[in-house]
Visitor: 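My questions all concern the structure below.
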Amino acid sequence: MQIEIAIIAAIIFYILTKSGKISISKLIADNEMYLRKLKESDYDFYVRAKYGDSVNPDILFNKRLQNAFIIIALTFCLLLNNMSYVYALVCLIVGFLFFKLDYMNLKSYYKKHLNDIDTMLPYYLKGLEILIQHYTVPVAIGKSMEDAPEIFRDGLKNLINEINAGNDTIEPYMEFARQYPVRDSMRMMRLLYRLSLGRQERKQEQLLAFSKTISNLQQKARETKYKNRLDKMEGKTMSMLITTGLGVMVLLILAVIMLMGI
């Protein structure tokens with residue numbers, strides 16, 4: 001009987017939602033000021049890390065809220081027959097966990113691709129180094145955005161906007177490094193800032209030091225890439241050996257059982 005009530009309640013909720021009698025979007029819009037507090041501080045970064053600028057983080061966040069409310073409603077329908085304060089709390093917990101699931105998936109995606117991002121930075125900086133030979137650092141960064149990996153573009157835009165707004169401190173560079181916390185990003189941004197402050201007669205000397213550092217980063221990136229490939233190959237080889245060994249053991253056991261049966 002409980003399942004039937006839950007199904008009927010779910011159907012009624014679906015009909016009311018589709019007909020506009022119940023509007024989750026309106027509920028979210030009316031309580032946006034409070035619901036925004038649930039938004040993780042690094043959520044926008046993880047969204048752009050995965051989707052680039054093609055997806056609006058705010059729209060995606062609202063969809064997360066809508067899905068969480070739907071899950072809460074469905075859980076409520078399933079527990080309706082035995083509803084109590086405890087079950088009401090369970091509904092909220094289930095909805096909150098479902099709400100967090102999308103964020104955890106984005107975070108997991110970023111961690112899995114952190115090595116790829118780590119590899120991109122030295123090559124982007126190498127292209128930037130060539131531009132700095134002909135332009136000032138802010139101008140070179142602006143010109144580099146078109147060819148920069150998509151994941152860095154949002155951070156580069158913020159960096160340029162801060163510099164154009166008159167912020168001549170190291171903070172915009174450090175903010176970029178914090179936004180992309182990969183290998184030596186802090187050190188590279190400090191070098192870049194010093195290069196932007198350097199006198200023209202010292203520019204070549206500083207650029208040479210910058211170039212050497214980038215070359216070292218590229219070498220480390222190549223070593224990491226080869227190591228990851230080797231580890232992957234070793235993992236596959238080990239899996240094959242384990243699978244083969246288990247298969248042989250199963251066959252031997254079956255053979256022994258058959259002999260004993262004879």
Side-chain angles (χ1 to χ4, degrees), residues 2-120 149-155 158 175 178-182 185 228 231-232 235-236 239:
Q2 183 177 350
I3 298 297
E4 288 81 354
I5 293 174
I7 293 173
I8 293 170
I11 293 172
I12 292 172
F13 175 78
Y14 177 79
I15 293 171
L16 291 174
T17 302
K18 283 297 181 180
S19 63
K21 298 293 183 181
I22 297 176
S23 178
I24 298 176
S25 299
K26 188 176 184 303
L27 176 64
I28 293 172
D30 291 342
N31 297 277
E32 185 175 4
M33 183 175 65
Y34 305 105
L35 293 173
R36 286 291 170 188
K37 293 180 180 179
L38 295 172
K39 189 176 182 181
E40 299 83 0
S41 59
D42 52 0
Y43 179 71
D44 289 4
F45 168 70
Y46 288 130
V47 170
R48 291 196 172 96
K50 184 172 184 178
Y51 301 108
D53 294 329
S54 60
V55 175
N56 187 326
D58 291 333
I59 294 175
L60 202 62
F61 179 74
N62 287 343
K63 287 183 179 179
R64 284 178 65 196
L65 290 172
Q66 288 182 20
N67 292 335
F69 279 123
I70 291 172
I71 292 298
I72 290 172
L74 291 176
T75 308
F76 181 84
C77 291
L78 288 171
L79 302 175
L80 184 62
N81 199 38
N82 297 314
M83 187 51 61
S84 64
Y85 290 114
V86 174
Y87 284 132
L89 183 60
V90 168
C91 293
L92 293 175
I93 292 173
V94 170
F96 182 75
L97 291 175
F98 187 84
F99 169 77
K100 280 290 184 180
L101 183 62
D102 182 65
Y103 170 74
M104 297 306 296
N105 287 337
L106 288 172
K107 194 171 183 178
S108 176
Y109 173 88
Y110 175 72
K111 287 182 177 179
K112 287 178 182 177
H113 290 76
L114 194 59
N115 287 333
D116 295 336
I117 297 167
D118 200 4
T119 304
M120 292 176 192
E150 189 172 359
I151 192 170
F152 295 134
R153 290 178 189 172
D154 188 57
N158 293 335
E175 182 59 32
R178 285 191 289 269
Q179 190 172 356
Y180 304 97
V182 293
S185 58
N228 289 338
D231 290 343
K232 190 174 181 179
K236 287 184 176 180
S239 297

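We use all heavy atoms of the structure for the numbers below, so side chains are in, but hydrogens, waters and symmetry mates are not. In what follows, residues are counted from 1 in the order of the sequence shown.
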Visitor: Quick check: do Leu92 and Ile72 have side-chain heavy atoms less than 4.5 Å from each other?
Guide: yes

Visitor: List the residues meeting side-chain hydrogen bond (donor to acceptor under 3.5 Å, both in side chains) with Lys100, not counting sequence neighbours, and say none if there are none.
Guide: Glu40

Visitor: Can you find a pair of side-chain heavy atoms, one from Tyr103 and one from Tyr43, that are under 4.5 Å apart?
Guide: yes

Visitor: Quick check: closest heavy atoms across Gly95 and Ala68, and the distance to 0.1 Å?
Guide: O-CB, 3.6 Å

Visitor: Can you list the residues that meet the salt bridge (charged side-chain N to carboxylate O under 4.0 Å, His left out) rule with Asp58, with sequence neighbours excluded?
Guide: Arg36, Lys39

Visitor: Might you point out which heavy atoms bring Asp44 and Pro57 nearest each other, and give the distance in Å?
Guide: OD1-CB, 3.2 Å

Visitor: Drop me the distance from Ile71's CD1 to Leu101's CG, to the nearest 0.5 angstrom.
Guide: 10.0 Å

Visitor: Among residues two or more places apart or on two chains, list those pairs meeting salt bridge (Lys or Arg N to Asp or Glu O under 4.0 Å) that have a residue in residues 101-110.
Guide: Arg64-Asp102

Visitor: Going by the rule ring-ring contact (aromatic ring centres under 6.0 Å, His included), which residues pair with Phe99 if we only count those two or more places apart in sequence or in a different chain?
Guide: Phe61

Visitor: Tell me every residue that passes ring-ring contact (aromatic ring centres under 6.0 Å, His included) with Phe96, counting only those two or more places apart in sequence or in another chain.
Guide: none

Visitor: Which residues satisfy the salt bridge (charged side-chain N to carboxylate O under 4.0 Å, His left out) test with Arg153, sequence neighbours excluded?
Guide: none

